[in-house]
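Numbering starts at 1 and runs along the sequence shown.
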Amino acid sequence: MPIGTAVHDRTSALCESLNYREWSGYYAVSAYESHHEHEYNAIRNAAALIDVSPLFKYLVRGRDAARFVDRLVTRDVSKMTPGQVYYTPWCDEHGKVIDDGTVSRLDDRTFRWTAADPSLRWFRQNASGFDVTIDEVSEEIAALALQGPTSARVLRAVSDADIDRLKYFRVTSGTIAGVRVDISRTGYTGDLGYEIWIPARSALTVWDELMAGGRPFDIRPAGMLALDVARVEAGVLLIEVDFFSSKKALIESQKYTPYEMGLGRLVSLEKSRFIGQQALREEHRRGPARQVVGLEVAWTEVEEVYERVGLPPAVAATASRVAVPLYRGGRQIGKATTTTWSPVLKKMIALGTVNRPHYTEGTTAQMEFTVESVRHKVTATVVKTPFFNPARKTATPPL
């Protein structure tokens, strides 16, 4: 049975739909109402408060903390300053991604590391020879994502943190309702947004202050269904949907490298030795055999499919996580892994894995599309991600 997070007393009282899912052993709200449209609109037009406490969280501390983190992740930690946050993958010895997440450098000797999957065993297996301690703090630290165009105004109203000078992928500290918190300018929505890291025992106090102080800025709690649509628009991948951890993959084709995930920019091959470096050097030289890409689906062709069967166009408001084949020249060249209608873009978009040489921008493919249990094909074009990338996401000071 799942258990409640540190703010479950508030989220459960607000969840009229009783629509939950399990996330790492916790209850997570899928949608607070019978539909998630209001929650999605809060992400894109106001402020949404999302409970992301089920993330796994670790504190890495000690004289060799920076060297240890640098040994595991693909990015160059020697360039990381206190107050900076890295989004990064980490790999096994074959260059296959184990997981991806954020690493925040809180000071010279302290890092907070977040992950989707349990990672403590892997971290400690590779800590031999380093003067470092690694502690899991998943239950001690609650996390709330405050996302949307008015999120900075909410934080200005309720916190004493220097929000105006907090840059994209940086972290600062402050207080909310007298509770000491860390605030990072990060998130999973591709919009202006923040993640607030709170001692679990004080999480309800902070939740209440954010909801009360955010009322003039149209704050609304949001669940996983709205977040899923937003993260596709942001071009953000979801583990066990768009890629698989090499530790959980059942067959080789389920394993992905950073280059195959479109994260080559996050691989620093010339830095000091890290796990998977040699395999990634070889892949960089020959190029990835496949790559995760953005896909824009031809909506007029979708309409034509429905018209042929005598139905009006009807697509779900939720993102589909059912993988469907992609074809070119009569042969399968990949698969679309997450597909959704984008309300802000008024387009059908998808994330998918495409084989070389078809993953170049502008390439067209035929995506399988099922209506009334009959399989059809519609055109999908490889496009650059993120699909939605507003200037406010990175603007400093935020609007």
Would you mind checking if E361 and K384 are paired as a salt bridge, meaning a charged N to carboxylate O distance below 4.0 Å?
-> no
E296 side-chain N/O to K347 backbone N/O, donor-acceptor pair under 3.5 Å | no
Taking the side chain as every heavy atom from C-beta outward, state whether W197 and S184 have any pair of such atoms under 4.5 Å apart.
-> yes
Under 3.5 Å: donor-acceptor pair, side chain of D70, backbone of A66 = no
Report, as yes or no, whether the 6.0 Å neighbourhood of atom NE2 on H284 holds more than 12 heavy atoms from other residues, nucleotides or ligands.
-> no
Single hit among V241, I349, V322 for side chain to side chain contact (heavy atoms under 4.5 Å, CB included) with T338 | V241
Which one of T340, T337, D228 satisfies the side chain to side chain donor-acceptor pair (under 3.5 Å) criterion with R321?
-> D228
Would a 4.5 Å heavy-atom cut-off, applied to side chains only, mark R105 and T81 as touching?
-> no
Looking at side-chain heavy atoms only, is the closest gap between V52 and W23 below 4.5 Å?
-> yes
D76 side chain to S268 main-chain N or O, any donor-acceptor pair under 3.5 Å?
-> no
Within a radius of less than 6.0 Å around NZ of K247, do more than 12 heavy atoms belonging to other residues, nucleotides or ligands occur?
-> yes
Does F56 offer a backbone N or O that forms a donor-acceptor pair with the side chain of E136 under 3.5 Å?
-> no
Under 3.5 Å, is there a donor-acceptor pair linking the side chains of D100 and Y87?
-> yes
Where the side chain of S119 meets the backbone of D117, is there a donor-acceptor pair that is under 3.5 Å apart?
-> yes
Quick check: are there more than 12 heavy atoms from other residues, nucleotides or ligands sitting under 6.0 Å from CD of E139?
-> no
Out of curiosity, I198 CD1 to D182 CG, how far, rounded to the nearest 0.5 Å?
-> 10.0 Å
Start with the C-alpha distance between T360 and T363, add both sets of side-chain angles, then the distance that settles side-chain hydrogen bond (donor to acceptor under 3.5 Å, both in side chains), and finish with yes or no.
-> CA-CA 6 Å; T360 55; T363 301; 3.0 Å; yes
Does L210 belong to the same Ile/Leu/Val/Met/Phe/Trp/Tyr cluster as V179, with side-chain heavy atoms less than 4.5 Å apart forming each link?
-> yes
Sub-3.5 Å donor-acceptor pair from the side chain of T74 to the main-chain atoms of L266, do we have one?
-> yes
Would you call D242 and R231 a salt bridge, taking side-chain N to carboxylate O under 4.0 Å as the test?
-> yes
Is the Lys NZ or Arg CZ of K96 less than 6.0 Å from the centre of Y256's six-membered ring, within 45° of the axis?
-> no
Could you tell me whether the side chain of S12 and the main chain of H8 form a donor-acceptor pair under 3.5 Å?
-> yes
Nearest 0.5 Å please: distance from the CD atom of Q278 over to the CD atom of E93.
-> 13.5 Å
Mark yes or no for whether Q125, through its side chain, and A127, through its backbone, hold a donor-acceptor pair below 3.5 Å.
-> no
Less than 4.5 Å apart, any side-chain heavy atom of I183 and any of V171?
-> no
Evaluate the side-chain proximity of L166 to D164: yes if any heavy-atom separation is below 4.5 Å, no if none is.
-> no
Check whether any side-chain heavy atom of V267 lies under 4.5 Å from a side-chain heavy atom of L263, and answer yes or no.
-> no
Can any side-chain N or O of T364 pair as donor or acceptor with the backbone N or O of T381 at less than 3.5 Å?
-> no
Would you call E368-K377 a salt bridge at under 4.0 Å N-O?
-> no
D160 and T175: side chain donor to acceptor below 3.5 Å | yes
Are K271 and F274 in a cation-pi contact, defined as NZ or CZ under 6.0 Å from the six-membered ring centre and within 45° of the axis?
-> yes
Rounded to the nearest 0.5 angstrom, the CH2-CE distance for W299 and M348 is 5.0 Å
Just by modelled atom types, is the P312 backbone N or O under 3.5 Å from a matching donor or acceptor in the E303 side chain?
-> no
Atom NE2 of H36 and atom CD of E39: how far apart are they, to the nearest 0.5 Å?
-> 8.0 Å
May I ask you to check whether over 12 heavy atoms, not counting those of R201, lie within 6.0 Å of atom CZ?
-> no
May I have the step-by-step check of side-chain hydrogen bond (donor to acceptor under 3.5 Å, both in side chains) for T379 and Q366, ending in yes or no?
-> CA-CA 5 Å; T379 301; Q366 297 298 302; 3.2 Å; yes
Flag side-chain contact, heavy atom, 4.5 Å: V229 against W341 | no
Going by atom types alone, do E33 and S17 pair a side-chain donor with an acceptor below 3.5 Å?
-> no
Are side-chain heavy atoms of L192 and L399 found at a separation under 4.5 Å?
-> no
